[in-house]
Amino acid sequence: MKSLTARFVTGVLLIVALSLGVFTLLMSPPSSDLRLMAMFLGLTALFSALVGYAAYRFGWINLSPTLRWSLLGGYALSSLLTFFNVWFSAQMMFASKHDLLLAIVLLFFAGGMAMALGYFLSGTITNRIHLLKGAAEKLSEGDLKTRVSVRGRDEVAALAQAFNQMAGQLEAADKKQRELERMRADLITWVGHDLQTPLASIRAILEALQDKVVDDPETITRYLNTAQRDVRSLSVLIDDLFQMAQLDTGGIPLDRAPSSLADLISDTLESFSELASRQQVKLEGSVEPGIDPVNMDTQRIGRVLNNLVGNALRHTPAEGEVKVYARRTGIGVEVTVSDSGEGIRAEDLPHVFESFYRGEKSRSRSTGGAGLGLAISRGIVQAHGGDIHVQSEPGRGSQFTFTLP
C-alpha cells in the first residue's frame, strides 16, 4: 500500500511539473504569472489528490455491486475533479463570465462522453471476469475439464492462465486420486487372495494331520514343509503391508551405522543362489574396491536388494542372467541390479515405484505380490537421502539403480 501511495504522489507531482513546463513553453509568461499558475495548479492538485486518496483509503469506490460500476465511479470522480480543477483555475484567473459558462458546458460534455466511453470499454474487462466467474462455478460443481480462453496480455489474461493451470492440476490430482482408490480396492482383493490361499493350505494340512489322514513320516514332513512355506509367504505379505503403513504415516525409521555394502551384496547373492540355480539363471555380482564402509541401515538396504534381485529372477527366463554391481560415485555409492528378462513396457515405466501398481493385468502368485516391493524400496532409499530409478526396454531386460549418499 505504501508503494502504491508513493507512486500516486509522484505521479501528481510529475503532472504539475509537466503542466507548468507546457505553460511556460507555449505562453512564455512573466514570473508573476508563472508563480500564480503554480499556486493554482498546486492547490487543485492537492485537493484532487486528497479526494482520490480518501476514495481509495476508505473504500468508497468499492461499495458498488459490480466491477463495471466501480470503474464507472472512478471515471465519474475523475471527471468531477477535472471539472473542478478547470473551473477553479478559470475563476481565479478572472476569465470572463461568458468564457467560464462555455467552459462549464464543454467540461460537462467531455465528462459525460468520458463516462459513456469508459462504461462501454469496461465491458472488455468485466466480460472476461464474468467468464472466469462462470468457469470457477463450474469447477466448484465438479467439472474439472473447465477451461477459459485467454485473451490479451494484462492481469486478467494472467489470471485466466493461472485458472487454467489450477484446473489442470486439479484434474490431474483427481485422476491420480481415482487411480489410487482403484488400486487400493484392487489391493484389498489381492491381499485377500494372498491371505486366503496359504491360510486354506495351512488349514487343510493341520486338519489332515489332526485327523491322521496321513501317518507316514515322509508325507508328514512334506506337509510340514509346505505349511512352513505358506507361513513365510504370509509373513512377507504382512511385513510389506506394515512397511507401507510406515511410509504412509511419515517414513521408515532407520538404524544407520557404518557397514559393509560388499558383504551385504554377497549375502544377498548367496541367499538367492539356490533359486537362481533351479531357474537356470546366471546370478553374479561385483563390488568396486574401496566402497566400504557405507553409512546405512543394513537390514533396510538388504530389503531393497532382496526386492530388486527377487524381481529380476522372477522376470528372467532360463539361460538368462542377473547381475548386481556397486561402485563409488562423487556423492556416494551406486548399486545396480540388471537382468536379461522380459523388460518393462514404456507405459508402465513411470508407475513401477507407485504403491499397489502392477503392470500385469492378470495376476498370480508366481508373478509377484501386491505390488508393494518397489514402492517400499523407493521409500527406504529416499529415507537414506538417496534416489532410485529404472531403465528398461521390452525384450531387452531391466536395470534398477539406487544411490546412497
| note | For R147 and G168 the tightest heavy-atom approach is NH2-CA, 3.3 Å
| query | Between T268 and S271, what is the shortest heavy-atom contact and its length? | reply |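 Reported closest heavy-atom pair: O-OG, 2.7 Å.
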Between [X] and [Y], is any pair of side-chain heavy atoms under 4.5 Å apart?
X	Y	answer
L305	F402	yes
I388	T401	no
L132	F163	yes

| Would you say the side chains of T403 and D387 form a donor-acceptor pair under 3.5 Å? |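 There is no such pair (donor and acceptor under 3.5 Å, judged by atom type) between the side chains of T403 and D387.
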| note | Residue set satisfying salt bridge (Lys or Arg N to Asp or Glu O under 4.0 Å) with E141, at least two apart, ordered chain then number -> none
| query | What residues form a salt bridge (Lys or Arg N to Asp or Glu O under 4.0 Å) with R328, not counting sequence neighbours? | reply | none
| query | How would you list, by chain and number, every residue that makes a side-chain contact (heavy atoms from CB on, under 4.5 Å) with R327, sequence neighbours excluded? | reply |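 In terms of side-chain contact (heavy atoms from CB on, under 4.5 Å), with neighbours along the sequence ignored, R327 is linked to E288, T329, E334.
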| said: Strictly distance-based, threshold 3.5 Å: is any side-chain N or O of E321 a donor or acceptor partner for the main-chain N or O of L283? | reply: no
| request: Identify whether the distance between the nearest side-chain nitrogen and carboxylate oxygen of E218 and R222 falls below 4.0 Å. | output: no
| said: Quick one, L374 with N307, criterion side-chain contact (heavy atoms from CB on, under 4.5 Å). Give me CA distance, side-chain angles, the key distance, then yes/no. | reply: CA-CA 7 Å; L374 291 178; N307 286 342; 5.5 Å; no
